[in-house]
Colleague: 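Pasting a structure here, questions to come.
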Amino acid sequence: MEDHLNGLNSEQKEAALHMTGPLLIVAGAGAGKTKTITHRIVNLIKHGIAPEKILAVTFTNKAAKEMRERIIAEIQKNAKGQNTIPFVSTFHSLGVYIIKENARLLGLTRYFTILDESDATGMIKEIMKSLGIDPKQYDPKKIKNIISREKGKFIHLTEYAEGQNNTLSKIVSQVWNLYEKQKMKENSLDFDDLLLKATKLLKENKEVREFYQDKWEYIHIDEYQDTNEVQYLMSKLLSEKNRNICVVGDADQNIYSWRGANLKNILNFEKDYPNAKIILLEQNYRSTKNILEAANEIIKKNVYRPDKNLFTDNVVGEKIGLYEAMDETDEAEFVATKILEIIDNPKNFSSRGLSQADAPRGSAVRARTDSDPEKERFSGLFEIAVLYRANFQSRALEEAMLRYNIPYQVLGVKFFERKEIKDTLAYLRAALNKDSLSDIKRIINFPARGIGKVTLLKIFANETENLPIKMRLKINNFYETLEEIKEKISGSSSGGKTLKVSEVIKFVVKKSGIEQELQAGGEEDLERLENIKELATLALKYDNLENAEGNYRGVEKLLEDASLASDQDSLMINSENPVRGREGSQRLSASNGIKLMTVHASKGLEFKYVFVTGLEDGLFPHQRQNNSGEGEDKEEERRLFYVAITRAKEKLFLSFANFRTIFGSRNINAPSEFISDIPADLLEKEGEASGIKTIYL
C-alpha cells in the first residue's frame with residue numbers, strides 16, 4: 001500500500017512511482033510539480049534508495065529551500081529512521097560544491113571569492129582602463145554580458161578569440177583574457193565560472209566525473225526549460241552512467257532566452273533519451289476556471305510548444321478586470337485604490353491576523369499581526385502582487401502607494417547588495433582569502449584609515465617597504481584585523497573554541513571600526529547599522545554548521561548564499577527591505593506589504609490578487625532593440641504574459657495606459673494585442689480613466 005502517495009492525482013502518482021530510466025514531467029502552471037518531485041524522491045527512499053544517492057537541482061534558493069523542507073517533512077512522515085537527506089541545491093550552489101571539493105585541480109583554494117555582478121563588472125572596467133579602452137565608449141556591463149553569454153554556451157576564451165575580426169570582438173577577447181588572469185590571481189570566480197568550471201571538470205576529468213555519477217545515481221532537474229548549454233551539459237554528464245534522470249518543466253514558461261535558456265533542451269529530451277517516459281501534468285490547482293481559460297487562449301497561439309491544455313476543478317471565479325488608463329499616473333492610481341478596496345472588503349480575507357499556514361506559497365515570510373488596527377487592516381497585503389514588464393514602471397506605482405500609505409516591497413532591491421552588508425561580508429572574505437584584491441580594495445580604507453589609491457597600488461605591487469613607517473603601521477594593523485577575524489572563525493586564538501557565525505559578524509563590526517563609524521553618523525548611518533544587525537540575526541541559521549576545522553563551514557555557507565542571492569530571496573529575509581509607507585507612518589513587517597516586481601521576478605510565485613500593468617504595444621509585448629519583435633521573440637513575450645496571468649489564484653486585473661512617458665518622451669500607445677487574445681466574455685471593465693479618451697480604429 002503506497003500511503004505516501006495519497007493526495008496525488010493519477011498522473012502525479014504515475015510520475016512518483018517511476019523509478020528507473022529517464023523521465024520527462026511536463027508540468028503546467030500550478031500543476032503541483034514540486035509536490036510530485038517530492039513524492040517521487042520519497043518513493044525512491046521508501047524502496048531502498050539511500051537519500052544521499054539522490055540529487056535535486058533547481059534555479060532559485062527559494063525553490064531549493066521549499067523543496068528541501070517538503071522532502072524532509074515527507075521523509076519524517078513516510079520514511080522514518082532515515083538520518084540523511086537528498087542533496088537539494090541550485091545549479092550555482094552545485095557548481096560551488098563541486099569546485100570546492102576539487103579546488104586544487106582548478107588551481108584554486110577552497111576559500112575562493114565569488115564575485116557578484118557589480119564586482120565582476122567593476123573588475124572589467126578597471127581592466128579596460130588599464131588597456132586604454134574608454135568605458136564610456138564601450139560599456140563594461142555590455143562587455144561582461146557578452147563574456148557571460150559565451151560562457152553560458154560552454155564557449156571558452158580560445159574558441160571565442162578564433163576568427164573574431166570586428167573591433168568589439170577583439171576588445172572582448174583582450175578584456176576577457178586579462179579578466180581570467182586577474183580572477184586567478186585573486187583566487188576568485190564569477191557566477192558563470194561556477195557552472196563552466198564545474199562542468200568542464202566533469203567533462204574532461206574521468207575520475208571526477210565517475211565519482212559524482214556514483215555519488216548521485218538519481219538526478220532530478222527542475223525548470224528544465226530554463227537550462228542553458230552549460231546546465232544542460234552538466235545534467236547530462238552527471239546522469240549519463242545511470243540514466244536515472246527526471247526533468248520537470250514547461251515549454252510555455254520558458255522566459256529566459258536572453259540569458260541563454262535554450263527551449264530546445266526540453267523539446268529535444270526524447271531525442272537525447274530515446275526510451276524516456278513522458279508524463280503530462282495538466283490539472284491546475286492554483287487558479288480559477290476563468291483565469292485558466294484566459295491563459296490557455298493566450299498560449300495556444302504559440303507554435304514552439306508541445307500540445308497541452310490546462311484544466312481545473314476550481315470554481316469559475318470572477319471575471320478578469322480590465323482598466324484603460326489615461327497615463328501611468330492614472331494607472332497607478334487605479335491600482336492603489338483597487339488595493340484599498342480589496343483590503344477593506346471583509347469577504348476578501350476570511351480573517352484578520354492570518355496564521356502562518358494561511359500565507360501564500362510564494363511568500364517565505366509570514367504576516368504577523370496584533371491588536372493594532374492599522375496592522376490588522378494590512379494583514380492580507382502579502383496576498384497581492386503588482387507585476388510589470390520593465391523596472392522603470394515601478395516609479396509611478398511606488399508614488400501611488402506612498403500617496404495612499406499602502407505598505408509595499410519592491411523585489412529586486414537585494415539585501416546583500418547594500419553597501420554596508422557588502423562591506424561587512426568583504427571583511428569575512430578577505431580574512432579567508434587574502435588574495436582577494438577586490439575585497440581588500442573595498443575595505444582597506446573603510447572605516448577611513450588614511451590609506452589612499454597611491455598607497456593601495458604600492459600594496460598590490462608588494463612595495464610597502466618604500467612607504468613611511470606610519471603608513472606601514474596602518475597597513476599592518478589592517479592585516480592584523482583580518483588575521484584576528486580568521487582566528488575567531490577557526491578558533492585558533494582561543495584554545496580551539498570558535499565563535500558562532502553571528503558572533504563573528506558582531507566581532508567584525510566592532511573590531512573593524514564600522515560600528516563606531518556608523519554610530520557617529522546621521523540617521524541614514526544608523527539605519528545602515530540596523531541592517532548589519534539584521535545580517536547578524538540572519539547569520540544565526542548558520543551557527544550550527546561548525547566542523548572539525550572550526551566555523552569555516554558556517555561562514556562559507558553564509559558567503560556563498562549572499563553571493564548567489566536572487567530577487568526572490570528578499571521574500572526570505574524579514575527586514576532586509578522594510579515595507580515603505582508615508583514618512584512617519586508605522587513600519588510594518590515586510591511580509592505585510594504588497595509586492596511590486598517584474599514578471600520575470602514573479603516566476604514560481606503565486607498570489608490571491610494579481611495586477612498586470614503596462615499592457616501596451618511595444619511595452620508588453622516588448623519591442624526589443626535590433627529586432628522586429630517577431631518569431632521566437634514574440635513567442636517568448638507571449639510566454640511571459642502567460643506566466644504573469646497564471647500567478648493569480650482568485651482575481652486578475654489587467655491595465656494599459658493611452659499615454660506613457662518613457663525616457664522623457666510622452667508616447668501615445670495602442671493596447672497590447674494580448675488583451676484582444678482573451679475572449680471578451682472573460683473580461684469586465686474596471687472604472688473610468690480620467691481625461692480624454694483615445695479611440696483606436
Side-chain angles (χ1 to χ4, degrees), residues 92 95-96 99 106-108 112-162 164-198 200 228-230 258-260 391 412 414 416-419 422-423 425-426 429-430 433 435-446 453 456-457 459-461 559-560 562-566 625:
H92 286 89
V96 171
I99 291 169
L106 296 168
L108 297 165
F112 61 84
T113 295
I114 302 173
L115 301 173
D116 64 20
E117 290 298 317
S118 62
D119 291 335
T121 304
M123 185 181 286
I124 283 173
K125 186 177 181 179
E126 290 300 315
I127 289 168
M128 290 172 67
K129 287 180 179 177
S130 72
L131 291 170
I133 301 168
D134 186 0
K136 292 180 180 178
Q137 184 178 0
Y138 296 96
D139 182 6
K141 190 170 183 180
K142 183 179 179 182
I143 303 289
K144 168 71 178 69
N145 289 341
I146 292 171
I147 295 171
S148 178
R149 187 177 67 239
E150 296 303 314
K151 285 182 177 180
K153 296 178 194 172
F154 203 64
I155 291 174
H156 302 276
L157 171 60
T158 49
E159 296 174 73
Y160 177 81
E162 289 175 6
Q164 298 292 342
N165 51 20
N166 64 65
T167 303
L168 179 59
S169 298
K170 288 179 179 178
I171 288 173
V172 171
S173 297
Q174 277 185 292
V175 173
W176 191 349
N177 181 37
L178 292 182
Y179 178 54
E180 294 303 323
K181 289 179 179 177
Q182 185 64 26
K183 283 186 296 172
M184 185 59 68
K185 182 181 177 182
E186 295 194 16
N187 191 37
S188 64
L189 300 175
D190 62 24
F191 286 169
D192 303 300
D193 293 327
L194 302 179
L195 300 177
L196 185 69
K197 288 189 178 296
K200 191 171 184 287
N228 62 18
E229 188 62 29
V230 177
W258 49 275
R259 69 181 189 195
N391 277 305
K414 299 176 190 173
F416 291 113
E417 287 184 357
R418 295 177 184 273
K419 180 186 180 300
K422 292 189 75 168
D423 290 340
L425 295 177
R429 282 197 299 268
N433 176 20
D435 291 326
S436 181
L437 303 185
S438 299
D439 288 314
I440 300 292
K441 182 179 177 182
R442 181 180 189 94
I443 58 175
I444 197 167
N445 204 40
F446 179 77
K453 291 182 179 179
L456 193 61
L457 289 173
I459 294 171
F460 290 170
L559 293 174
E560 179 187 325
S563 297
L564 302 180
S566 66
Q625 196 172 5

Colleague: Measure from the side-chain N and O atoms of S148 to the backbone N and O of N145, and report whether any donor-acceptor pair falls under 3.5 Å.
Modeller: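 Side chain of S148 to backbone of N145: no pair is present.
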Colleague: Are the side chains of L178 and L131 in contact, using a 4.5 Å heavy-atom criterion?
Modeller: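 Answer yes - side chains close enough.
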Colleague: Do any N or O atoms from the side chain of N433 and from the backbone of E186 form a donor-acceptor pair under 3.5 angstrom?
Modeller: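 Yes, the answer is positive, given that a donor and an acceptor are paired below the 3.5 Å cut-off.
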Colleague: To the closest 0.5 Å, what do you measure between NZ (K142) and OG1 (T121)?
Modeller: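 Going from the NZ atom of K142 to the OG1 atom of T121 covers 14.5 Å.
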Colleague: To the nearest 0.5 Å, tell me how far L157 CG sits from N177 CG.
Modeller: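 Result: 5.5 Å between the selected atoms.
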Colleague: Side-chain contact, heavy-atom cut-off 4.5 Å: L189 with L106?
Modeller: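 Contact flag for L189/L106 side chains = no.
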Colleague: Enter the distance from I147:CD1 to Y160:OH here, rounded to the nearest 0.5 Å.
Modeller: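 I147 CD1 to Y160 OH: 8.0 Å, rounded to 0.5 Å.
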Colleague: Grab the two heavy atoms, one from F191 and one from S563, that are nearest each other, plus how far apart they are.
Modeller: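 What the structure gives for the nearest pair is CZ-O, 2.8 Å.
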Colleague: Which residue pairs pass the salt bridge (Lys or Arg N to Asp or Glu O under 4.0 Å) test when at least one of the two sits in residues 144-154, sequence neighbours left out?
Modeller: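 Checked against salt bridge (Lys or Arg N to Asp or Glu O under 4.0 Å) - neighbours excluded - the pairs reaching residues 144-154 are E117-K144, K144-D192, E150-K153, K151-E180, K151-D190, K151-D193.
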Colleague: Taking atom NZ of K141 and atom OG of S118, what is their separation to the nearest 0.5 Å?
Modeller: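 Answer rounded to 0.5 Å: 10.0 Å.
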Colleague: Just by distance, do the side chain of E560 and the backbone of V96 share a donor-acceptor pair under 3.5 Å?
Modeller: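 Judged by distance alone, no pair lies under 3.5 Å.
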Colleague: For residues Q182 and L437, determine if any side-chain heavy atom of one lies less than 4.5 Å from a side-chain heavy atom of the other.
Modeller: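 They are in contact (side-chain heavy atoms under 4.5 Å apart), so the answer is yes.
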Colleague: Can any side-chain N or O of E159 pair as donor or acceptor with the backbone N or O of H156 at less than 3.5 Å?
Modeller: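 Between the backbone of H156 and the side chain of E159 there is a qualifying donor-acceptor contact (under 3.5 Å).
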Colleague: Of the non-hydrogen atoms in M128 and P135, which two are nearest, and what is the gap between them?
Modeller: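 Looking at all heavy atoms of both residues, the shortest contact is CE-CA, 4.0 Å.
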Colleague: Please report the C-alpha distance between E126 and Y179 in whole Å, then the side-chain angles of each, then the deciding distance to 0.1 Å, and finally whether the side-chain contact (heavy atoms from CB on, under 4.5 Å) criterion is met.
Modeller: CA-CA 10 Å; E126 290 300 315; Y179 178 54; over 6 Å; no
Colleague: Please tell me if the side chains of F416 and D116 come closer than 4.5 Å, counting only heavy atoms from C-beta onward.
Modeller: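 No. Closest side-chain heavy atoms not under 4.5 Å.
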Colleague: Do I459 and I440 have side-chain heavy atoms sitting under 4.5 Å apart?
Modeller: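 No, their side chains stay 4.5 Å or more apart.
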Colleague: Got D119 and S438 here, is their nearest side-chain heavy-atom distance under 4.5 Å?
Modeller: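 SC-SC contact between D119 and S438 ruled out.
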Colleague: Provide the closest heavy-atom pair for A430 versus D439 in the form atom of the first, atom of the second, distance.
Modeller: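 Closest pair (atom of A430, atom of D439, distance): CB-CB, 4.2 Å.
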Colleague: Please tell me if the side chains of F112 and R429 come closer than 4.5 Å, counting only heavy atoms from C-beta onward.
Modeller: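 Contact flag for F112/R429 side chains = no.
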Colleague: Testing the basics here: between S173 and A161, what is the closest heavy-atom pair and its distance to 0.1 Å?
Modeller: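 In terms of heavy atoms, the two residues are closest at OG-CA, 3.8 Å.
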Colleague: Counting heavy atoms not belonging to K422, are there more than 12 under 6.0 Å from its NZ?
Modeller: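 Yes - once you tally the heavy atoms of other residues, nucleotides and ligands closer than 6.0 Å, there are more than 12.
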Colleague: Quick check for you: to the nearest 0.5 Å, what is the distance between T113 atom OG1 and L559 atom CG?
Modeller: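 T113 OG1 to L559 CG: 8.0 Å, rounded to 0.5 Å.
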Colleague: Write down the atom of K185, the atom of D435, and the distance for their closest heavy-atom approach.
Modeller: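 Taking K185 first and D435 second, the nearest heavy atoms are O-CB, 3.7 Å.
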Colleague: Report the distance from atom NZ of K453 to atom CG of N445, rounding to the nearest 0.5 Å.
Modeller: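 Atom-to-atom, K453:NZ and N445:CG are 11.0 Å apart.
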Colleague: Below 4.5 Å, heavy atoms only, C-beta onward: do T167 and Y138 meet side chain to side chain?
Modeller: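 Yes - at least one pair of side-chain heavy atoms lies under 4.5 Å apart.
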Colleague: Can you name the closest pair of heavy atoms from L425 and A562 and give their distance?
Modeller: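 Here L425 and A562 meet closest at CD1-CB, 3.5 Å.
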